[in-house]
Amino acid sequence: MKLRCYVFGAVFTMLCLLLGCTPTRHLSENERLLWRIKLEGVKQNNKSEIAALYQQKPNRRVLGVPLYLNLYYLGKRFYNPERIQANIEEETADANRRIQRAGADSVRVDKLIEKKETKLAKLQNKKENGNWLMRTVGEPPAIFDSLKLVQTEDQVRIFLNSKGFFRNHVSSTTQTHHKKVFVTLQVEEDKPYLLTQHTYQVADTTILNLLQANQATSFIKLQQNYDEGLLSQERTRLEQLLKNNGFYEFRQQFITFEADTSYEDYTVRLSTLIANPTDTTRHKVYTIKDVYFISDAGLNRFGRTRDTVALNNVHFLAYQHRIKPKILARKVIIRPGQTYSASRTLNNQRIVSNLDVFKYTTISYTKVADSVRVADTVAIGPNQGLLNAQINTALLPRFQETSEVGGTFTEKVPGPYTSIRFRIRNIFGGAEIFDVGVRAGVEGQLQRNVATVGRRTEIGADMGVTFPQILVPFRTNDLLIRYNPRTRFSTGYTYVDRNEYTRTNVDFSFDYIWQRLNIHQFSFSPLDINVISSPRIDPQFQQYLDTLELSGNPLNESFKDAFVSSINFTSLYNTANYNQSNDAKLVRLFVETGGLLWNYLAEQFKDMNTYRFAKLNVDYRRYHALGNNMTFVYRANGGVAKPLGKSRALPYDKYFFAGGSSSVRAWLPRRLGPGSSSLINRDPNSENFNQVDYLFEQPGEILLELNSEFRFRIFRFGGTNVNGALFVDAGNVWLFQERNTNPNPNIYEFRPGAKFELNRFYKELAVGTGFGVRLDFTFAILRFDVATKLYDPAMPQGNRFVINQFRSDRIFGNTNQTTFNLGIGYPF
């Protein structure tokens, strides 16, 4: 208790120092602090884009307090440049003595000099830019500069002109109060200029005809506002259009625009001009003559020449053909006789890179000289040219090993885990990938039927082989070649030992995988088989299952030995980058049907349950980049899973669950729902007497989750970004039919409400909110989230708003109002 008081006392004192500090008392007599910039008059333009043009910005504030500025001043209290200078001089003298003692040992002297320069650079940086708190966490004061305000006005005018507001007027006024400067930036936009005419001025008739034929895709539309941003996009479009139609040497520099505003007020007549090259009257159209594929580029063996294999009009060169040319030929879409295309070049580079057997893939072109053309008697016109394409690659190491060792902290129980994976590339000589891995781990886990924490031990192994084409019984030729087609066979074994049961799973899957560019991937599994066995079930847990069985709950079916077969399809569309910091979206569609085609195989296994079911899951995520290292993200995730035919239950792994670090974070994993049903503890000896218990996993057949999160940069520590997040989560799971989930009628009272009803489901959406910190190490993101319940549907109506039960000193445990989540990566 004393330690807790000391901690809260220290935190309270620090907050008082940070929040109570007057930021202007450190300023000199002539200095003023830029406190606010108010933008007025902007009604037709984007205010955030204009705000990004400010040449000077006020210090960031948290709840109205310049927290980062106060942290800067807090660090300045410990800043002593005289002492740092003394350290520099002392370090210089010490280093010089060490260098002198090294004598003629040049290697040691070089190391000492390098070490000296590194230390002195750090000290000099500390002297010039302040200590760690000043440089990394804090923010120096934004001293008002009238010249920068004038520059801001100029930048805003330039921006408005670029958006077609040529008659704009920008001015500013300032007010000073207690050394704080309040700036008002007044903008008069006036009316924008509209595009009323667009013409092409192109001397090259071939290009002119091409532009006119593709004018429907132009970014320039009549009666839209004049916008230089659209002109930049149009310039890029035209360059790509021409490069995709044989104009290999074409560049954006040939494209200019002329805007004429003299005809009529607030109108623009736009002309697109394309100049000819300086040495000729027309641009050349290039055709591919020969294609060369070098699979061991960068390797030189003196006295030897590469062996050449010609296949499908492509020359494959290598000292030793480790990958079969007939496999590589399926991955080459650049062929002799084709017109040069930049997009086809990029696609071919992506196709070869996706094989994951090459270190790099580059595609280059060389122009064929006129003399060679004559010798080869290639008939081309005067404004045409020939190119030779060369695809250069180098093989990755054939063997790759990856190992991982770590730990988890679940339900206040630490547990180790380890895994090792081994990859063999090009195992059969056809660019195949063979993977094998083993894993093992222990973690704490709440037992399903008793209010105690047990341990979950998992041991698993898997292996698979991926072929770089679609394997089907008939001739495929170039089936889906542009979409990186793959066929994967995989199998695995998983052993799970919990206090309640021991469970094993042997699985086998056969998958077709292909993708459209790098943002849209598809997967179709015509065969996915799992053989599940439960060799041990704890008698107390079996009693719990029998109790549910008597009350009509078929969960017992999910723990019998079973043969589960399914066919599934996945579509994943994702434009987000690794850090999820760009404006992007993700859409994942998963469809699965079980037991329709492969159950006849189950006849080979006696006394095994079989299942027929259907499952659908749709996950939509949207990422909005707000600038200044801020992002707003929201997500909608829903699904249904239903037994079909005579099946009374789903396989346990096919149910939906809500709660946890990637779901509704104020609830423990898998503990939310179903619906408004709840278990009331009637044990007078329990600390949760007459309260709702959240101790049991709650499977559901219907899922709905809604999440939103505002992410922002807090500070940067070395190479690590420390980011924050404010979030709100909502969601629940339901059943198609009401079921009793009471594990022990002698202890718990069951309140129904698990069935999905259209007239009340929205009242049963659990809501939680909280704050999170993310440590972005570039290669991984470590996430800490603290979430508290805001609205709990398990409570009686009228008592479901439970935010008043929040306690900051209790974020761990099983039944707390507030939960702590630790995870790797973003929650969504």
Side-chain angles (χ1 to χ4, degrees), residues 44-46 48-50 52-53 155-168 189-278 280-286 339-347 383 516-519 575 582-585 625 627:
Q44 303 175 70
N45 286 276
N46 190 319
S48 62
E49 291 182 358
I50 294 178
L53 301 173
Q155 291 298 314
V156 174
R157 292 190 192 99
I158 293 172
F159 172 81
L160 293 174
N161 286 333
S162 72
K163 295 296 182 180
F165 296 84
F166 297 132
R167 298 186 182 182
N168 70 82
E189 295 172 308
D190 200 53
K191 293 193 301 183
Y193 276 61
L194 301 180
L195 292 172
T196 58
Q197 181 177 304
H198 178 217
T199 58
Y200 292 110
Q201 296 184 28
V202 183
D204 191 323
T205 56
T206 302
I207 293 180
L208 179 61
N209 294 334
L210 185 61
L211 299 188
Q212 290 175 341
N214 291 271
Q215 194 166 8
T217 61
S218 173
F219 289 99
I220 300 173
K221 307 293 182 183
L222 298 183
Q223 300 305 314
Q224 70 179 4
N225 292 4
Y226 174 86
D227 189 340
E228 289 182 5
L230 292 178
L231 298 187
S232 178
Q233 295 180 49
E234 178 69 3
R235 183 179 283 109
T236 301
R237 184 191 74 88
L238 293 179
E239 182 189 28
Q240 289 301 310
L241 174 65
L242 294 173
K243 283 192 170 185
N244 290 336
N245 285 272
F247 294 90
Y248 169 71
E249 297 180 299
F250 191 85
R251 300 292 183 269
Q252 287 191 24
Q253 289 77 1
F254 292 109
I255 306 172
T256 56
F257 298 99
E258 288 185 356
D260 190 344
T261 60
S262 62
Y263 282 86
E264 185 180 351
D265 282 349
Y266 300 103
T267 64
V268 175
R269 294 188 174 187
L270 187 70
S271 296
T272 299
L273 292 77
I274 295 184
N276 285 327
T278 56
T280 182
T281 59
R282 300 186 70 179
H283 293 269
K284 284 186 178 182
V285 176
Y286 284 85
T339 300
Y340 165 79
S341 169
S343 63
R344 186 186 297 117
T345 302
L346 289 175
N347 285 338
N383 295 304
R516 185 175 63 88
L517 299 178
N518 289 324
I519 60 175
T575 61
N582 61 325
D583 199 83
K585 66 177 64 174

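When reading the values below, keep in mind they use all heavy atoms of this one structure, side chains included, and skip hydrogens, waters and symmetry mates. Each residue takes its place number in the sequence, starting with 1.
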Subject >> Qualifying residues under side-chain hydrogen bond (donor to acceptor under 3.5 Å, both in side chains), relative to Arg157, sequence neighbours excluded >> reply: Glu153, Asp154
Original post:
Do the non-hydrogen side-chain atoms of Asn383 and Thr206 ever get within less than 4.5 Å of each other?
Top reply: no
Original post:
For the residue pair Val156 and Leu53, what are the closest heavy atoms and their distance?
Top reply: CA-CD1, 4.3 Å
**OP:** Can you measure from CZ (Phe165) to CD (Gln44) and round to the nearest 0.5 angstrom?
**Re:** 4.0 Å
Original post:
What residues, two or more places apart in sequence or in another chain, satisfy ring-ring contact (aromatic ring centres under 6.0 Å, His included) together with Tyr200?
Top reply: His198
Subject >> Heavy-atom side-chain proximity of Leu273 to Phe257 below 4.5 angstrom >> reply: no
Original post:
Can you pull the salt bridge (Lys or Arg N to Asp or Glu O under 4.0 Å) pairs that have at least one residue in residues 242-256, sequence neighbours excluded?
Top reply: Glu239-Lys243, Glu249-Lys367
Subject >> Approximate separation, where rounding is to 0.5 Å, of Thr196 OG1 and Glu264 CD >> reply: 7.0 Å
Subject >> Heavy-atom closest pair, residues Thr339 and Gly246 >> reply: CG2-CA, 3.2 Å
Subject >> Non-neighbouring partners of Asn45 that pass side-chain hydrogen bond (donor to acceptor under 3.5 Å, both in side chains), sequence neighbours left out >> reply: Glu189
**OP:** List for me each residue that meets ring-ring contact (aromatic ring centres under 6.0 Å, His included) alongside Phe166, sequence neighbours excluded, and say none if there are none.
**Re:** Tyr193, Tyr226
**OP:** Report the residues that fulfil side-chain hydrogen bond (donor to acceptor under 3.5 Å, both in side chains) with Ser343, sequence neighbours left out, ordered by chain and then residue number.
**Re:** Asn244, Ser341
Original post:
Heavy-atom distance under 4.5 Å between the side chains of Ile220 and Gln215, does that happen here?
Top reply: no
Original post:
Closest heavy-atom contact between Asn214 and Thr217?
Top reply: O-OG1, 2.8 Å
Original post:
Does some side-chain heavy atom of Asn168 sit less than 4.5 Å from a side-chain heavy atom of Asp190?
Top reply: no
Subject >> Minimal non-hydrogen separation, Pro277 against Phe254, with atom names >> reply: CA-CE2, 3.9 Å
Original post:
Thr575: what forms a side chain to side chain contact (heavy atoms under 4.5 Å, CB included) with it, not counting sequence neighbours?
Top reply: Ile519, Tyr573, Ala584, Lys585
**OP:** For Arg269, check salt bridge (charged side-chain N to carboxylate O under 4.0 Å, His left out) against everything at least two apart and list the hits.
**Re:** none
Subject >> ring-ring contact (aromatic ring centres under 6.0 Å, His included) contacts in which one or both residues fall within residues 203-225, not counting sequence neighbours >> reply: none
**OP:** Mind checking side-chain hydrogen bond (donor to acceptor under 3.5 Å, both in side chains) for Ser262 and listing every partner two or more places apart, or none if nothing turns up?
**Re:** Asp260
Original post:
So how far is it from Asn276 CG to Asp204 CG, rounded to the nearest 0.5 Å?
Top reply: 6.0 Å
**OP:** Measure from the side-chain N and O atoms of His283 to the backbone N and O of Ala275, and report whether any donor-acceptor pair falls under 3.5 Å.
**Re:** yes
Original post:
Which pair of non-hydrogen atoms, one from Ser271 and one from Gln201, has the smallest distance, and what is that distance?
Top reply: OG-NE2, 3.4 Å
**OP:** Could you pull out the closest heavy-atom pair between Ile274 and Leu242, with the gap in Å?
**Re:** CD1-CD1, 4.5 Å
**OP:** Measure the spacing between CZ of Phe250 and CG of Leu238 and express it to the nearest 0.5 Å.
**Re:** 7.0 Å
**OP:** Drop me the distance from Leu208's CG to Thr272's OG1, to the nearest 0.5 angstrom.
**Re:** 11.0 Å
Subject >> Leu195 CG to Leu231 CG distance, which is reported to the nearest 0.5 Å >> reply: 7.5 Å
**OP:** Among residues two or more places apart or on two chains, list those pairs meeting salt bridge (Lys or Arg N to Asp or Glu O under 4.0 Å) that have a residue in residues 210-236.
**Re:** Lys163-Asp227, Glu234-Arg237
Original post:
So, the side chain of Gln155 versus the backbone of Ala52: is there a donor-acceptor pair under 3.5 Å, distance only?
Top reply: no
**OP:** Name all residues meeting the salt bridge (charged side-chain N to carboxylate O under 4.0 Å, His left out) criterion together with Arg167; count only those two or more places apart in sequence or in a different chain, and write none if there are none.
**Re:** Asp265
Subject >> Residue pair Asn225 / Leu230, side-chain heavy-atom distance below 4.5 Å >> reply: no
